[in-house]
Amino acid sequence: MYYIGIDLGTSAVKLLLMEEDGSIRRIVSREYPLSFPHPGWSEQNPEDWIAACTDGILELVSDIDAAQVRGIGAGGQMHGLVALDRSGRVIRPAILWNDGRTQKETDWLNESIGREQLMQCTGNIAFAGFTAPKLLWMRENEPENFRQIDKIMLPKDYINYRLTGVHCTDYSDASGTLLLDVQNKRWSPEMLEIVGLSERQMPQLFESSAPVGTLTEKAAEALGLPRSVIVAAGAGDNAAAAVGTGVVGSGGCNISLGTSGTIFISSDHFLPDPSHALHSFAHADGGWHLMGCMLSAASCNKWWMDDILRSADYTGEQSGILPERLGRSHVYYLPYLMGERAPHNDAMARSCFLGMTMDTTREDMTQAVLEGVAFGIRDSLEAAKKLGLQVTSSMICGGGAKSTLWKAIVADVLNIELTVPETEQGPGYGGAILAAVAAGAYPDVKTAADTLIRTTDRILPDPETAALYDEKYKVYHSLYPALKPLFPAF
């Protein structure tokens, strides 16, 4: 039997075909456009996701017996607002996770409704990327569109809706809406009243590995698959990536160096963060997790390489950064290209280089970008330590984790051991595992992950370099508070 995993990302969808023993038969990807209609806005057309998934799945199964496909599971970009009218038509382009238009609404929720009230209702405070502030923005700025809303959902849920006709979501993805009572795993009636929606407009809630339905006749015909294919509820991208790297059960950790950067710590109990630096969300394994998310991680290096250096030689640009340079550069980089979420919750934060002198080199600045992202992840790790959590090792995945140098920098800056999974397909692999559980191939997510996940490499921190980075981090940590008053001017 085969299982299809979908990783619905910000710039592309990646699809993989997994065999029951966990081996990957094939991987395909399809890109789609990203729109920035105003500074700080970020939108996509959900129909582009459908076209990309359809075309990709057709290629994915082109050389196999499609009757052997048993399940489909998706991990998807979180927080995006997809709104449908009564006819099932998409009302407006989806407002994405990295959209910064809702600072006014976010501030109103945190200050007028109040952080403590939000914590009581959801276990989290408002962040500009969350779905609830987007709904408030839409109600205020596009009232006619808001009045048409019959259903709202998240990006990967729109894929499932088109596959099955079922209006659904899972607890991990729903956690990032600021509309879910995360501890009790139900929609918060107080939050629905605040944004002006009813529970009827909200998707039905499922555990990530639960089957939500099978393919509609239309979807099966379009994909060339049997109608009996089971669709799992799926998960938010970070929870799916955690499943795909084996971070299930209590005490696991995964670091993702993707477009955004995250540190994900799994738990068997709900643990809200009173400092509001970390998100307290449901996990795809049926438990919970703490997560710190920085909005720009590998995208910082992509911006630096593609737009500034205009170089496609990522490996070559890093080749001059030798081990003896690590922890010794005087150049700092703040990775706030899209504002920042954890731990600052500041849509006005801006990226910058500091500490440059006449002898600063191209390699110094490239190194500063890699270090700045690692320091940003450490900000979230330090917040977890304040909650009494001790993280001594972590899995690492994402496009940035393909860099041997960057992995070494992260290990040294965080002073923890890193482990690399054999299958570097994070959310897509996690989605396929969830599909296998939904289809009955494994009894639960933990059993499936324990059976299927294998590792290939370990990166140990260098004690001397880690000590140097401890001192550099103290300087880095002081930069945001010092510069915060200046950011609104930009």
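Values below: all heavy atoms of this structure, side chains included; hydrogens, waters and symmetry mates excluded.
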Quiz item: Shortest non-hydrogen contact from Trp49 to Ala94?
Solution: CH2-CB, 3.7 Å
Quiz item: Given Leu223 and Leu163, is the side-chain contact (heavy atoms from CB on, under 4.5 Å) satisfied, shown in steps?
Solution: CA-CA 10 Å; Leu223 299 173; Leu163 290 175; 3.7 Å; yes
Quiz item: When rounded to the nearest 0.5 angstrom, what distance separates CZ in Arg86 from NZ in Lys151?
Solution: 10.0 Å
Quiz item: So does Arg101 have more than 12 non-hydrogen atoms from other groups sitting under 6.0 Å from CZ?
Solution: yes
Self-check item: Check: Ser112 side chain, Leu109 main-chain N or O, donor-acceptor pair, under 3.5 Å
Solution: no
Quiz prompt | Set of side-chain contact (heavy atoms from CB on, under 4.5 Å) partners for Ser299, sequence neighbours left out | solution = Thr259, Ser296
Quiz item: Between Arg200 and Asp150, is there a salt bridge with N-O shorter than 4.0 Å?
Solution: yes
Exercise. Tell me yes or no: between the side chains of Arg458 and Ser393, is some donor less than 3.5 Å from an acceptor?
Key: no
Self-check item: Side chain Lys14, main chain Ser29, donor-acceptor under 3.5 Å
Solution: no
Quiz item: Would you say the side-chain atoms of Glu31 pair up with the backbone N or O of Ser11, donor to acceptor, closer than 3.5 Å?
Solution: no
Exercise. Give the minimum heavy-atom separation between Arg227 and Ala220, together with the two atoms involved.
Key: CG-CB, 3.7 Å
Quiz item: Can you tell me how far the CD atom of Glu19 sits from the CZ atom of Arg26, to the nearest 0.5 Å?
Solution: 13.0 Å
Quiz item: Taking the side chain from His167 and the backbone from Ile152, do they hold a donor-acceptor pair closer than 3.5 Å?
Solution: yes
Quiz prompt | Reported OG-to-NE2 distance for the pair Ser266 and His289, which is rounded to 0.5 angstrom | solution = 9.5 Å
Quiz item: How far does CG of Leu418 sit from SG of Cys253, to the nearest 0.5 angstrom?
Solution: 9.0 Å
Quiz item: Between Glu207 and Tyr171, is any side-chain donor less than 3.5 angstrom from a side-chain acceptor?
Solution: no
Practice problem: Report yes if some heavy atom in the side chain of Pro93 is under 4.5 Å from a heavy atom in the side chain of Asn45; otherwise report no. | Solution: no
Quiz item: Distance-only, no hydrogens or angles: does the Tyr161 side chain make a donor-acceptor pair with backbone N or O of Val166 under 3.5 Å?
Solution: no
Self-check item: Contact check, side chains of Ile72 and Val229, non-hydrogen atoms, under 4.5 Å
Solution: yes
Quiz item: What do you reckon, is NZ of Lys302 surrounded by more than 12 foreign heavy atoms closer than 6.0 Å?
Solution: no
Exercise. State plainly whether the residues Asp170 and Lys156 are in salt-bridge range, i.e. N to O under 4.0 Å.
Key: yes
Practice problem: Output yes when a side-chain donor or acceptor of Asn184 lies under 3.5 Å from a complementary backbone atom of Arg186, and no otherwise. | Solution: no
Practice problem: Kindly assign one of parallel, tilted or perpendicular to the pair His279 and Phe281, based on the angle between their ring planes and the thresholds 30° and 60°. | Solution: parallel
Quiz item: Would you say the side-chain atoms of Asn254 pair up with the backbone N or O of Val247, donor to acceptor, closer than 3.5 Å?
Solution: no
Self-check item: side-chain contact (heavy atoms from CB on, under 4.5 Å) assessment of Ile194 paired with Trp108
Solution: CA-CA 11 Å; Ile194 287 169; Trp108 179 79; 3.9 Å; yes
Exercise. Please report the C-alpha distance between Tyr442 and Leu434 in whole Å, then the side-chain angles of each, then the deciding distance to 0.1 Å, and finally whether the side-chain contact (heavy atoms from CB on, under 4.5 Å) criterion is met.
Key: CA-CA 9 Å; Tyr442 298 92; Leu434 293 172; over 6 Å; no
Quiz prompt | Heavy-atom closest contact (Leu387 atom, Pro272 atom, distance) | solution = CD2-O, 4.4 Å
Quiz item: When you check the side-chain N and O atoms of Thr122 and Asn124, is any donor under 3.5 Å from an acceptor?
Solution: no
Quiz prompt | Leu17 CG to Ile64 CD1 distance, which is reported to the nearest 0.5 Å | solution = 4.5 Å
Exercise. Over all heavy atoms of both residues, which pair between Val437 and Ser209 is shortest? Give the atoms and the distance, please.
Key: CG1-CB, 3.6 Å
Quiz item: Salt bridge or not for Arg162 and Glu47, using N-O below 4.0 Å?
Solution: yes
Quiz item: Between Glu20 and Ala441, is there a donor-acceptor pair closer than 3.5 Å when you use the side chain of the first and the backbone of the second?
Solution: no
Practice problem: Can you sort out the partners of Ser42 under side-chain contact (heavy atoms from CB on, under 4.5 Å), two or more places apart, ordered by chain and number? | Solution: Leu34, Phe36, Leu96, Asn98, Asp99
Exercise. Answer yes when Glu221 and Lys218 have at least one side-chain N-carboxylate O distance shorter than 4.0 Å, and no when they do not.
Key: no
Quiz item: Which heavy atom of Pro211 sits nearest a heavy atom of Phe206, and at what distance?
Solution: O-CE2, 4.2 Å
Quiz item: Judged by modelled atom types alone, do Gln77 and Gln44 share a side-chain donor-acceptor pair under 3.5 Å?
Solution: yes
Self-check item: Residues Thr177 and Trp187: side-chain donor-acceptor under 3.5 angstrom
Solution: no
Quiz item: Is there a donor-acceptor contact under 3.5 Å from the side chain of Ser188 to the main chain of Asp181?
Solution: no
Quiz item: Are the charged groups of Arg30 and Glu59 less than 4.0 angstrom apart, N to O?
Solution: yes
Quiz item: Do the side chains of Arg341 and Phe130 get nearer than 4.5 Å, heavy atoms only?
Solution: yes
Quiz prompt | Aromatic Trp288 / basic Lys185 pairing, under 6.0 angstrom, 45° off normal | solution = yes
Quiz item: At their closest point, which heavy atom of Val373 faces which heavy atom of Pro335, and how far apart are they?
Solution: CG2-CB, 4.2 Å
Practice problem: Can you sort out the partners of Thr404 under side-chain contact (heavy atoms from CB on, under 4.5 Å), two or more places apart, ordered by chain and number? | Solution: none
Quiz prompt | Donor-acceptor contact below 3.5 Å, side chain Trp97 vs main chain His79 | solution = no
Self-check item: Residue pair Glu142 / Trp137, side-chain heavy-atom distance below 4.5 Å
Solution: yes
Self-check item: Criterion side-chain contact (heavy atoms from CB on, under 4.5 Å) on Thr423 and Leu452, from CA distance to verdict
Solution: CA-CA 10 Å; Thr423 301; Leu452 301 177; over 6 Å; no
Quiz item: CZ/Phe264 to OG/Ser380 distance, rounded to the nearest 0.5 angstrom?
Solution: 13.5 Å
